[in-house]
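Accompanying notes for the structure given below.
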Amino acid sequence: MTNTLKTYMTRNVPRYTSYPTAPHFSDAIGSEEYARWLSTLPPEKPVSLYLHVPYCRELCWYCGCNMKLAKKDAPVAQYAQTLNREISLLAQHLPERMKISHLHWGGGTPTALVPDDLERAMDAVHASFDFTADAELAIESDPRTLTDEMILRIGQLGFTRASFGVQEFDPKVQKAINRIQPPDMVRHSVDGLRAAGVSGINFDLIYGLPHQTVDTLLETIRLCVEMQPDRIALFGYAHVPWMAKKQRLIDEAALPDGDARLQQSQAAAVALVEAGYVAIGLDHFALPSDPMAKAAKEGSLRRNFQGYTTDRAETMLGVGSTSIGRTPSGYVQNLTETGAWARAIEAGVLPVAKGVGLSKDDNLRGHVIERLMCNGEVDLDAAALQAGAPGGWYHMHDAELAILEADGLITRQGGKISVTDHGAPVVRVVAAVFDAYFAAQSARHAVAV
(Lines give C-alpha, C1' and ligand atoms only; values in the text may rest on other atoms or scores of the structure.)
Protein backbone atom coordinates (compact mmCIF):
# COMPACT_ATOMS: atom_id res chain seq x y z
CA MET A 1 0.00 0.00 0.00
CA THR A 2 1.35 3.43 -0.94
CA ASN A 3 1.69 6.24 1.56
CA THR A 4 -0.69 8.23 -0.62
CA LEU A 5 -3.47 5.67 -0.22
CA LYS A 6 -2.81 5.54 3.52
CA THR A 7 -3.48 9.27 3.66
CA TYR A 8 -6.83 8.89 1.90
CA MET A 9 -7.81 5.91 4.05
CA THR A 10 -7.69 7.95 7.24
CA ARG A 11 -9.91 10.74 5.97
CA ASN A 12 -13.26 11.06 7.70
CA VAL A 13 -15.97 11.00 5.04
CA PRO A 14 -19.70 10.20 4.97
CA ARG A 15 -21.00 6.79 3.93
CA TYR A 16 -23.30 8.49 1.38
CA THR A 17 -26.46 6.53 1.99
CA SER A 18 -28.21 9.82 1.28
CA TYR A 19 -27.43 13.25 -0.11
CA PRO A 20 -27.53 15.64 1.61
CA THR A 21 -26.31 13.47 4.48
CA ALA A 22 -28.16 13.20 7.80
CA PRO A 23 -26.09 15.85 9.68
CA HIS A 24 -27.68 18.45 7.38
CA PHE A 25 -31.27 17.63 8.30
CA SER A 26 -32.85 20.43 10.34
CA ASP A 27 -36.04 21.12 12.26
CA ALA A 28 -37.01 23.62 9.55
CA ILE A 29 -38.72 20.59 7.97
CA GLY A 30 -41.54 19.21 10.10
CA SER A 31 -44.80 17.28 9.94
CA GLU A 32 -46.71 19.89 7.93
CA GLU A 33 -44.08 20.02 5.18
CA TYR A 34 -43.89 16.23 5.08
CA ALA A 35 -47.67 15.99 4.82
CA ARG A 36 -47.54 18.27 1.76
CA TRP A 37 -44.82 16.15 0.20
CA LEU A 38 -46.84 12.99 0.75
CA SER A 39 -50.00 14.49 -0.76
CA THR A 40 -48.20 15.24 -4.04
CA LEU A 41 -46.79 11.76 -4.60
CA PRO A 42 -47.76 10.20 -7.95
CA PRO A 43 -50.21 7.46 -6.86
CA GLU A 44 -49.36 5.21 -9.79
CA LYS A 45 -45.72 4.82 -8.71
CA PRO A 46 -44.88 2.13 -6.12
CA VAL A 47 -43.17 3.15 -2.89
CA SER A 48 -40.91 1.30 -0.48
CA LEU A 49 -41.68 1.01 3.22
CA TYR A 50 -39.11 0.93 6.00
CA LEU A 51 -40.21 -0.11 9.50
CA HIS A 52 -37.82 0.54 12.37
CA VAL A 53 -37.72 -1.33 15.68
CA PRO A 54 -35.18 0.30 18.05
CA TYR A 55 -35.12 -2.61 20.51
CA CYS A 56 -32.58 -5.41 20.93
CA ARG A 57 -32.64 -8.35 23.32
CA GLU A 58 -28.84 -8.34 23.59
CA LEU A 59 -26.29 -5.50 23.60
CA CYS A 60 -23.53 -5.51 20.96
CA TRP A 61 -20.69 -3.19 21.89
CA TYR A 62 -19.63 -2.39 18.30
CA CYS A 63 -23.09 -1.18 17.24
CA GLY A 64 -23.58 2.45 16.31
CA CYS A 65 -27.35 2.20 15.78
CA ASN A 66 -29.96 3.94 17.89
CA MET A 67 -31.32 1.12 20.03
CA LYS A 68 -32.79 0.25 23.42
CA LEU A 69 -32.04 -2.89 25.40
CA ALA A 70 -35.30 -4.78 25.98
CA LYS A 71 -35.20 -7.42 28.68
CA LYS A 72 -39.00 -7.38 29.05
CA ASP A 73 -41.76 -7.75 26.45
CA ALA A 74 -44.04 -4.91 27.60
CA PRO A 75 -42.12 -1.90 26.13
CA VAL A 76 -41.69 -3.70 22.82
CA ALA A 77 -45.37 -4.65 22.69
CA GLN A 78 -46.43 -1.05 23.40
CA TYR A 79 -44.07 0.16 20.68
CA ALA A 80 -45.60 -2.30 18.22
CA GLN A 81 -49.11 -0.99 18.93
CA THR A 82 -48.00 2.59 18.25
CA LEU A 83 -46.18 1.49 15.11
CA ASN A 84 -49.46 0.11 13.75
CA ARG A 85 -51.16 3.45 14.39
CA GLU A 86 -48.37 5.28 12.59
CA ILE A 87 -48.82 3.06 9.53
CA SER A 88 -52.48 4.06 9.37
CA LEU A 89 -51.70 7.73 10.03
CA LEU A 90 -49.09 7.81 7.28
CA ALA A 91 -51.45 6.20 4.78
CA GLN A 92 -54.08 8.86 5.48
CA HIS A 93 -51.73 11.52 4.08
CA LEU A 94 -51.18 9.73 0.78
CA PRO A 95 -53.16 10.79 -2.31
CA GLU A 96 -54.74 7.32 -2.51
CA ARG A 97 -54.01 3.70 -1.67
CA MET A 98 -50.54 2.92 -3.00
CA LYS A 99 -48.46 -0.15 -3.82
CA ILE A 100 -45.28 -1.26 -2.06
CA SER A 101 -42.41 -2.68 -4.11
CA HIS A 102 -39.95 -3.12 -1.24
CA LEU A 103 -40.64 -3.59 2.48
CA HIS A 104 -37.77 -3.69 4.96
CA TRP A 105 -37.85 -4.24 8.71
CA GLY A 106 -34.71 -2.87 10.38
CA GLY A 107 -33.44 -1.84 13.77
CA GLY A 108 -32.37 -2.58 16.40
CA THR A 109 -33.71 -6.06 15.99
CA PRO A 110 -37.18 -6.40 14.42
CA THR A 111 -37.45 -9.96 15.71
CA ALA A 112 -37.38 -8.51 19.22
CA LEU A 113 -41.14 -8.35 18.57
CA VAL A 114 -43.09 -11.45 19.50
CA PRO A 115 -44.55 -13.29 16.48
CA ASP A 116 -48.13 -12.07 17.08
CA ASP A 117 -47.00 -8.43 17.18
CA LEU A 118 -45.08 -8.87 13.93
CA GLU A 119 -48.17 -10.38 12.34
CA ARG A 120 -50.40 -7.55 13.59
CA ALA A 121 -47.98 -5.01 12.14
CA MET A 122 -48.00 -6.76 8.78
CA ASP A 123 -51.82 -6.84 8.95
CA ALA A 124 -51.72 -3.06 9.45
CA VAL A 125 -49.52 -2.70 6.37
CA HIS A 126 -51.88 -4.82 4.27
CA ALA A 127 -54.84 -2.78 5.55
CA SER A 128 -53.36 0.44 4.14
CA PHE A 129 -51.26 -0.67 1.17
CA ASP A 130 -51.15 -3.14 -1.68
CA PHE A 131 -48.03 -4.95 -2.89
CA THR A 132 -46.61 -5.27 -6.36
CA ALA A 133 -46.49 -8.81 -7.72
CA ASP A 134 -42.70 -8.96 -7.38
CA ALA A 135 -42.40 -7.10 -4.07
CA GLU A 136 -39.48 -7.93 -1.80
CA LEU A 137 -40.24 -8.31 1.92
CA ALA A 138 -37.09 -8.29 4.03
CA ILE A 139 -36.40 -8.50 7.74
CA GLU A 140 -33.26 -8.19 9.86
CA SER A 141 -32.75 -10.75 12.59
CA ASP A 142 -30.45 -11.79 15.43
CA PRO A 143 -29.78 -15.55 15.49
CA ARG A 144 -29.03 -15.38 19.23
CA THR A 145 -32.66 -14.58 20.00
CA LEU A 146 -34.53 -15.80 16.91
CA THR A 147 -37.00 -18.50 17.97
CA ASP A 148 -38.33 -21.37 15.90
CA GLU A 149 -41.81 -19.90 16.32
CA MET A 150 -40.69 -16.57 14.84
CA ILE A 151 -38.92 -18.35 11.97
CA LEU A 152 -42.14 -20.14 11.08
CA ARG A 153 -44.19 -16.93 11.32
CA ILE A 154 -41.76 -15.00 9.10
CA GLY A 155 -42.30 -17.63 6.41
CA GLN A 156 -46.08 -17.59 6.85
CA LEU A 157 -46.16 -13.79 6.49
CA GLY A 158 -44.57 -13.99 3.06
CA PHE A 159 -41.12 -12.58 3.73
CA THR A 160 -38.72 -13.22 0.86
CA ARG A 161 -35.40 -12.16 2.42
CA ALA A 162 -33.77 -12.24 5.85
CA SER A 163 -30.55 -10.59 7.02
CA PHE A 164 -28.16 -11.67 9.77
CA GLY A 165 -25.36 -9.79 11.46
CA VAL A 166 -22.69 -12.49 11.49
CA GLN A 167 -19.81 -10.00 11.85
CA GLU A 168 -17.10 -12.54 12.85
CA PHE A 169 -17.09 -16.14 14.11
CA ASP A 170 -13.80 -16.07 16.01
CA PRO A 171 -14.63 -16.61 19.74
CA LYS A 172 -12.06 -14.06 20.96
CA VAL A 173 -13.40 -11.37 18.65
CA GLN A 174 -16.99 -12.24 19.58
CA LYS A 175 -16.19 -11.86 23.26
CA ALA A 176 -14.49 -8.50 22.61
CA ILE A 177 -17.64 -7.13 20.92
CA ASN A 178 -20.13 -8.94 23.20
CA ARG A 179 -21.78 -10.93 20.42
CA ILE A 180 -21.48 -14.66 21.07
CA GLN A 181 -23.03 -16.70 18.25
CA PRO A 182 -21.36 -19.94 17.14
CA PRO A 183 -21.68 -20.98 13.48
CA ASP A 184 -24.20 -23.72 14.32
CA MET A 185 -26.50 -21.12 15.84
CA VAL A 186 -26.52 -19.10 12.61
CA ARG A 187 -26.83 -22.25 10.48
CA HIS A 188 -29.92 -23.32 12.45
CA SER A 189 -31.62 -19.99 11.72
CA VAL A 190 -30.66 -20.03 8.04
CA ASP A 191 -31.85 -23.59 7.51
CA GLY A 192 -35.09 -22.87 9.36
CA LEU A 193 -35.89 -19.79 7.32
CA ARG A 194 -35.20 -21.53 4.03
CA ALA A 195 -37.45 -24.40 5.09
CA ALA A 196 -40.14 -21.82 5.93
CA GLY A 197 -39.96 -20.42 2.39
CA VAL A 198 -37.62 -17.44 2.84
CA SER A 199 -35.38 -17.86 -0.19
CA GLY A 200 -33.07 -14.83 0.11
CA ILE A 201 -30.44 -14.81 2.88
CA ASN A 202 -28.08 -11.90 3.60
CA PHE A 203 -25.04 -11.91 5.90
CA ASP A 204 -23.24 -8.86 7.28
CA LEU A 205 -19.53 -9.17 8.08
CA ILE A 206 -17.30 -6.57 9.71
CA TYR A 207 -13.56 -6.05 9.43
CA GLY A 208 -11.47 -3.87 11.73
CA LEU A 209 -12.85 -5.42 14.94
CA PRO A 210 -10.79 -5.84 18.12
CA HIS A 211 -8.39 -8.83 18.01
CA GLN A 212 -9.47 -9.56 14.44
CA THR A 213 -6.87 -10.75 11.92
CA VAL A 214 -6.85 -11.70 8.27
CA ASP A 215 -6.86 -15.35 9.31
CA THR A 216 -9.89 -15.07 11.60
CA LEU A 217 -11.81 -13.17 8.95
CA LEU A 218 -10.97 -15.68 6.22
CA GLU A 219 -12.08 -18.54 8.47
CA THR A 220 -15.35 -16.69 9.09
CA ILE A 221 -15.83 -16.32 5.34
CA ARG A 222 -15.17 -20.04 4.83
CA LEU A 223 -17.88 -20.90 7.33
CA CYS A 224 -20.27 -18.38 5.80
CA VAL A 225 -19.73 -19.69 2.27
CA GLU A 226 -20.71 -23.17 3.49
CA MET A 227 -24.15 -21.70 4.32
CA GLN A 228 -24.40 -20.09 0.86
CA PRO A 229 -26.01 -16.72 1.66
CA ASP A 230 -27.15 -14.93 -1.47
CA ARG A 231 -25.58 -11.64 -0.39
CA ILE A 232 -22.71 -10.72 1.89
CA ALA A 233 -21.99 -7.17 3.02
CA LEU A 234 -18.44 -6.48 4.21
CA PHE A 235 -18.36 -3.36 6.36
CA GLY A 236 -15.46 -1.61 8.02
CA TYR A 237 -16.01 -1.17 11.74
CA ALA A 238 -16.68 2.50 12.44
CA HIS A 239 -15.27 3.33 15.87
CA VAL A 240 -17.22 6.45 16.85
CA PRO A 241 -17.45 6.32 20.67
CA TRP A 242 -18.29 10.04 20.79
CA MET A 243 -21.58 9.10 19.08
CA ALA A 244 -22.13 5.48 20.12
CA LYS A 245 -21.41 5.35 23.84
CA LYS A 246 -21.58 1.55 24.02
CA GLN A 247 -18.42 1.47 21.88
CA ARG A 248 -16.52 2.82 24.88
CA LEU A 249 -16.67 -0.77 26.19
CA ILE A 250 -14.37 -1.85 23.35
CA ASP A 251 -10.63 -1.98 24.04
CA GLU A 252 -9.21 0.53 21.57
CA ALA A 253 -5.74 -0.97 21.98
CA ALA A 254 -7.06 -4.20 20.42
CA LEU A 255 -8.28 -2.48 17.26
CA PRO A 256 -6.25 -3.12 14.09
CA ASP A 257 -4.45 -0.16 12.54
CA GLY A 258 -5.04 1.24 9.06
CA ASP A 259 -2.68 -1.19 7.33
CA ALA A 260 -4.33 -4.17 9.01
CA ARG A 261 -7.83 -2.92 8.17
CA LEU A 262 -6.94 -2.61 4.49
CA GLN A 263 -5.31 -6.05 4.46
CA GLN A 264 -8.43 -7.57 6.03
CA SER A 265 -10.72 -5.80 3.57
CA GLN A 266 -8.69 -6.83 0.53
CA ALA A 267 -8.14 -10.43 1.63
CA ALA A 268 -11.84 -10.85 2.37
CA ALA A 269 -12.84 -9.40 -1.00
CA VAL A 270 -10.50 -11.79 -2.83
CA ALA A 271 -11.83 -14.76 -0.86
CA LEU A 272 -15.45 -13.89 -1.60
CA VAL A 273 -14.83 -13.47 -5.32
CA GLU A 274 -12.92 -16.76 -5.41
CA ALA A 275 -15.94 -18.37 -3.69
CA GLY A 276 -18.14 -17.30 -6.60
CA TYR A 277 -19.58 -13.99 -5.39
CA VAL A 278 -19.75 -10.88 -7.57
CA ALA A 279 -18.18 -7.75 -6.06
CA ILE A 280 -20.73 -4.94 -5.95
CA GLY A 281 -20.03 -1.31 -5.16
CA LEU A 282 -17.90 -0.50 -2.16
CA ASP A 283 -18.67 -3.36 0.19
CA HIS A 284 -21.27 -5.84 -1.12
CA PHE A 285 -21.00 -9.26 -2.72
CA ALA A 286 -23.75 -11.36 -4.28
CA LEU A 287 -24.16 -14.66 -6.05
CA PRO A 288 -24.46 -14.15 -9.83
CA SER A 289 -28.10 -15.32 -9.73
CA ASP A 290 -29.10 -12.74 -7.12
CA PRO A 291 -31.10 -9.67 -8.24
CA MET A 292 -28.44 -7.36 -6.76
CA ALA A 293 -25.74 -8.85 -9.00
CA LYS A 294 -28.05 -8.44 -11.98
CA ALA A 295 -28.82 -4.82 -11.05
CA ALA A 296 -25.11 -4.04 -10.75
CA LYS A 297 -24.47 -5.53 -14.18
CA GLU A 298 -27.33 -3.53 -15.69
CA GLY A 299 -26.23 -0.29 -14.00
CA SER A 300 -29.51 0.01 -12.07
CA LEU A 301 -28.10 -0.53 -8.57
CA ARG A 302 -29.26 2.05 -6.03
CA ARG A 303 -28.11 3.20 -2.59
CA ASN A 304 -30.21 4.23 0.41
CA PHE A 305 -30.13 4.03 4.20
CA GLN A 306 -30.08 0.24 4.03
CA GLY A 307 -26.94 0.43 1.85
CA TYR A 308 -26.89 -1.00 -1.67
CA THR A 309 -30.31 -2.03 -2.91
CA THR A 310 -32.31 -3.10 -5.93
CA ASP A 311 -35.14 -0.83 -4.80
CA ARG A 312 -35.97 1.60 -7.63
CA ALA A 313 -38.81 3.40 -5.86
CA GLU A 314 -38.38 7.17 -5.73
CA THR A 315 -40.16 7.28 -2.37
CA MET A 316 -39.25 5.43 0.80
CA LEU A 317 -41.72 5.83 3.66
CA GLY A 318 -40.12 5.51 7.09
CA VAL A 319 -42.16 4.23 10.04
CA GLY A 320 -41.02 3.99 13.65
CA SER A 321 -38.93 6.16 15.94
CA THR A 322 -35.76 7.56 14.32
CA SER A 323 -36.67 6.08 10.90
CA ILE A 324 -35.71 8.04 7.80
CA GLY A 325 -37.90 8.49 4.76
CA ARG A 326 -37.43 10.04 1.35
CA THR A 327 -39.75 11.57 -1.21
CA PRO A 328 -38.81 13.34 -4.45
CA SER A 329 -39.16 16.58 -2.46
CA GLY A 330 -36.79 15.71 0.37
CA TYR A 331 -35.78 13.60 3.36
CA VAL A 332 -37.40 13.38 6.79
CA GLN A 333 -36.43 11.68 10.03
CA ASN A 334 -38.83 10.71 12.79
CA LEU A 335 -38.42 11.66 16.42
CA THR A 336 -35.76 9.53 18.09
CA GLU A 337 -37.12 9.41 21.63
CA THR A 338 -39.86 6.75 21.65
CA GLY A 339 -42.05 8.63 24.13
CA ALA A 340 -42.13 11.82 22.04
CA TRP A 341 -42.65 9.74 18.90
CA ALA A 342 -45.64 7.95 20.45
CA ARG A 343 -47.20 11.17 21.76
CA ALA A 344 -47.11 12.76 18.32
CA ILE A 345 -48.85 9.75 16.79
CA GLU A 346 -51.47 9.71 19.55
CA ALA A 347 -52.16 13.36 18.69
CA GLY A 348 -52.60 12.47 15.02
CA VAL A 349 -49.42 14.27 13.96
CA LEU A 350 -46.76 12.80 11.68
CA PRO A 351 -43.82 12.31 14.11
CA VAL A 352 -41.20 14.19 12.08
CA ALA A 353 -38.24 15.62 13.98
CA LYS A 354 -36.24 17.08 11.10
CA GLY A 355 -35.52 16.86 7.42
CA VAL A 356 -34.15 18.60 4.37
CA GLY A 357 -35.74 19.73 1.13
CA LEU A 358 -34.01 18.84 -2.12
CA SER A 359 -32.88 21.55 -4.53
CA LYS A 360 -32.00 21.02 -8.19
CA ASP A 361 -28.34 21.14 -7.22
CA ASP A 362 -28.90 18.53 -4.47
CA ASN A 363 -30.52 16.18 -6.97
CA LEU A 364 -27.67 16.62 -9.44
CA ARG A 365 -24.95 16.05 -6.88
CA GLY A 366 -26.87 13.22 -5.25
CA HIS A 367 -27.11 11.45 -8.60
CA VAL A 368 -23.38 11.87 -9.24
CA ILE A 369 -22.45 10.59 -5.78
CA GLU A 370 -24.81 7.61 -6.08
CA ARG A 371 -23.40 6.59 -9.48
CA LEU A 372 -19.85 6.79 -8.16
CA MET A 373 -20.79 4.71 -5.13
CA CYS A 374 -22.78 2.16 -7.17
CA ASN A 375 -21.02 2.00 -10.55
CA GLY A 376 -17.58 3.45 -9.83
CA GLU A 377 -18.05 5.83 -12.73
CA VAL A 378 -20.23 8.73 -13.83
CA ASP A 379 -20.76 10.94 -16.87
CA LEU A 380 -20.94 14.46 -15.46
CA ASP A 381 -22.20 16.00 -18.70
CA ALA A 382 -25.01 13.46 -18.99
CA ALA A 383 -25.90 14.08 -15.35
CA ALA A 384 -26.15 17.81 -16.02
CA LEU A 385 -28.36 17.24 -19.06
CA GLN A 386 -30.66 14.98 -17.05
CA ALA A 387 -30.91 17.53 -14.21
CA GLY A 388 -31.31 20.55 -16.46
CA ALA A 389 -28.08 22.02 -15.09
CA PRO A 390 -25.52 24.11 -17.00
CA GLY A 391 -22.91 22.16 -18.94
CA GLY A 392 -19.47 22.20 -17.41
CA TRP A 393 -20.89 22.80 -13.91
CA TYR A 394 -18.26 20.45 -12.51
CA HIS A 395 -15.25 22.53 -13.55
CA MET A 396 -15.30 24.14 -10.10
CA HIS A 397 -13.93 20.78 -8.89
CA ASP A 398 -11.20 20.44 -11.51
CA ALA A 399 -8.35 21.12 -9.07
CA GLU A 400 -9.53 18.44 -6.61
CA LEU A 401 -10.15 15.95 -9.40
CA ALA A 402 -6.70 16.59 -10.85
CA ILE A 403 -5.11 15.64 -7.53
CA LEU A 404 -7.13 12.42 -7.34
CA GLU A 405 -6.15 11.63 -10.93
CA ALA A 406 -2.48 12.29 -10.26
CA ASP A 407 -2.64 10.00 -7.24
CA GLY A 408 -4.15 7.22 -9.36
CA LEU A 409 -7.58 7.14 -7.72
CA ILE A 410 -9.54 8.12 -10.85
CA THR A 411 -9.21 8.51 -14.58
CA ARG A 412 -10.90 11.31 -16.53
CA GLN A 413 -11.97 11.62 -20.13
CA GLY A 414 -13.82 14.87 -20.64
CA GLY A 415 -16.73 14.77 -18.21
CA LYS A 416 -16.47 11.04 -17.63
CA ILE A 417 -14.91 9.92 -14.35
CA SER A 418 -13.96 6.35 -13.51
CA VAL A 419 -12.66 5.14 -10.15
CA THR A 420 -9.59 2.94 -10.60
CA ASP A 421 -8.98 -0.36 -8.83
CA HIS A 422 -6.42 1.52 -6.72
CA GLY A 423 -9.03 4.11 -5.76
CA ALA A 424 -11.94 1.72 -5.20
CA PRO A 425 -11.30 1.25 -1.45
CA VAL A 426 -11.63 5.02 -0.95
CA VAL A 427 -14.45 5.74 -3.39
CA ARG A 428 -16.18 7.75 -0.66
CA VAL A 429 -13.29 10.21 -0.82
CA VAL A 430 -13.93 10.63 -4.56
CA ALA A 431 -17.65 11.09 -3.93
CA ALA A 432 -16.95 13.74 -1.29
CA VAL A 433 -15.51 16.02 -3.99
CA PHE A 434 -19.06 16.62 -5.21
CA ASP A 435 -20.55 17.12 -1.73
CA ALA A 436 -21.34 20.83 -1.53
CA TYR A 437 -21.92 20.58 2.22
CA PHE A 438 -18.85 18.57 3.16
CA ALA A 439 -16.15 21.25 3.35
CA ALA A 440 -18.14 23.39 5.75
CA GLN A 441 -19.63 20.67 7.92
CA SER A 442 -18.49 20.01 11.46
CA ALA A 443 -19.94 16.50 11.82
CA ARG A 444 -17.42 13.73 12.47
CA HIS A 445 -17.53 10.68 10.22
CA ALA A 446 -15.89 7.28 10.11
CA VAL A 447 -12.60 6.76 8.27
CA ALA A 448 -12.77 5.89 4.58
CA VAL A 449 -11.55 2.28 5.00
Side-chain angles (χ1 to χ4, degrees), residues 1-10 15 62 163-170 172-174 183 186 190 201-238 255-297 301 303 307-308 372-377 407-411 418-431 446-449:
M1 178 177 57
T2 65
N3 290 330
T4 299
L5 190 56
K6 283 185 182 180
T7 301
Y8 285 113
M9 282 174 50
T10 56
R15 291 191 178 275
Y62 64 86
S163 299
F164 293 99
V166 171
Q167 322 313 1
E168 164 71 81
F169 279 133
D170 182 77
K172 186 176 182 180
V173 178
Q174 289 189 349
V186 177
V190 170
I201 300 294
N202 296 6
F203 282 178
D204 289 347
L205 303 180
I206 297 180
Y207 65 86
L209 292 171
H211 303 295
Q212 192 175 37
T213 67
V214 168
D215 288 342
T216 67
L217 184 54
L218 291 180
E219 175 61 11
T220 292
I221 288 173
R222 185 188 69 77
L223 293 166
C224 288
V225 169
E226 287 182 354
M227 302 180 214
Q228 282 291 287
D230 304 88
R231 299 175 188 173
I232 295 178
L234 178 67
F235 300 122
Y237 169 59
L255 293 172
D257 62 17
D259 281 348
R261 284 174 64 96
L262 184 62
Q263 289 168 11
Q264 290 173 15
S265 172
Q266 292 178 335
V270 169
L272 287 168
V273 171
E274 288 180 347
Y277 288 83
V278 177
I280 295 171
L282 176 65
D283 48 23
H284 278 50
F285 300 82
L287 294 176
S289 58
D290 187 87
M292 183 171 284
K294 295 176 181 178
K297 186 175 182 180
L301 190 68
R303 190 163 173 84
Y308 290 108
L372 284 169
M373 294 294 297
C374 292
N375 298 352
E377 60 184 15
D407 287 340
L409 272 62
I410 64 171
T411 60
S418 297
V419 180
T420 64
D421 290 342
H422 182 66
V426 291
V427 63
R428 291 191 286 144
V429 173
V430 180
V447 294
V449 176

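We number each residue from 1, following the sequence as shown. Every heavy atom of this structure was used, including side-chain atoms; hydrogens, water molecules and symmetry mates were not.
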For this session: Looking only at non-hydrogen atoms, find the nearest pair between Leu223 and Pro183 and report the distance.
Result: CD1-CG, 3.8 Å
Exercise. Got Ser418 and Ile410 here, is their nearest side-chain heavy-atom distance under 4.5 Å?
Worked result: no
Exercise. Hey, does Asp170 have a side-chain heavy atom less than 4.5 Å from the side chain of Gln212?
Worked result: no
Exercise. Can you tell if the side chain of Tyr308 reaches within under 4.5 Å of the side chain of Met373, non-hydrogen atoms only?
Worked result: yes
Exercise. Going by heavy atoms in the side chains, are Cys224 and Phe169 under 4.5 Å from each other?
Worked result: yes
Exercise. Which value, rounded to the nearest 0.5 Å, describes the distance between Met227 atom CE and Ile201 atom CD1?
Worked result: 11.0 Å
Problem set entry | Gln266 side-chain N/O to Gln263 backbone N/O, donor-acceptor pair under 3.5 Å | no
Compile the donor-acceptor pairs under 3.5 Å between side chains in residues 277-293 and protein atoms, sequence neighbours left out, one pair per line.
from: Tyr277; atom 1: OH; to: Pro229; atom 2: O; distance (Å): 2.7
from: Asp290; atom 1: OD1; to: Arg161; atom 2: NH2; distance (Å): 3.2
from: Asp290; atom 1: OD1; to: Arg231; atom 2: NE; distance (Å): 3.3
from: Asp290; atom 1: OD2; to: Arg231; atom 2: NE; distance (Å): 2.6
from: Asp290; atom 1: OD2; to: Arg231; atom 2: NH2; distance (Å): 3.2
from: Asp290; atom 1: OD2; to: Met292; atom 2: N; distance (Å): 2.8

Exercise. If you measure from CG on Leu209 to OG1 on Thr220, what distance do you get to the nearest 0.5 Å?
Worked result: 9.5 Å
For this session: State, with a plain yes or no, whether a side-chain heavy atom of Tyr207 is found less than 4.5 Å away from one of Leu234.
Result: yes
Problem set entry | Counterpart residues, side-chain contact (heavy atoms from CB on, under 4.5 Å), relative to Asp407 (two or more places apart) | Thr4, Tyr8, Ile403, Leu409
Problem set entry | Student check: side-chain heavy atoms of Phe164 and Asp204 closer than 4.5 Å | no
Exercise. So which heavy atom on Val427 is nearest to which on Leu372, and how close?
Worked result: CG2-O, 3.6 Å
Seminar exercise, completed: Shortest non-hydrogen pair, Leu217 vs Ala268, comes out as CD2-CB, 3.8 Å
Problem set entry | Nearest heavy atoms of Ala267 and Leu218, plus distance in Å | O-CD2, 3.6 Å
Exercise. CG of Asp257: more than 12 outside heavy atoms within 6.0 angstrom?
Worked result: yes
For this session: State, with a plain yes or no, whether a side-chain heavy atom of Pro425 is found less than 4.5 Å away from one of Met9.
Result: no
For this session: Return the set of residues passing salt bridge (Lys or Arg N to Asp or Glu O under 4.0 Å) with Glu377 (not counting sequence neighbours), or none when no residue passes.
Result: none
Exercise. Given side chains that start at C-beta, do those of Phe235 and Leu205 come closer than 4.5 Å, heavy atoms only?
Worked result: no
Exercise. Does one side chain, of Glu168 or Gln174, offer a donor that lies under 3.5 Å from an acceptor on the other?
Worked result: no
Exercise. Atom CD of Glu219 and atom OG1 of Thr213: how far apart are they, to the nearest 0.5 Å?
Worked result: 10.5 Å
Exercise. If only atom types and distance count, is the side chain of Ser265 paired as donor or acceptor with the main-chain N or O of Arg261 below 3.5 Å?
Worked result: no
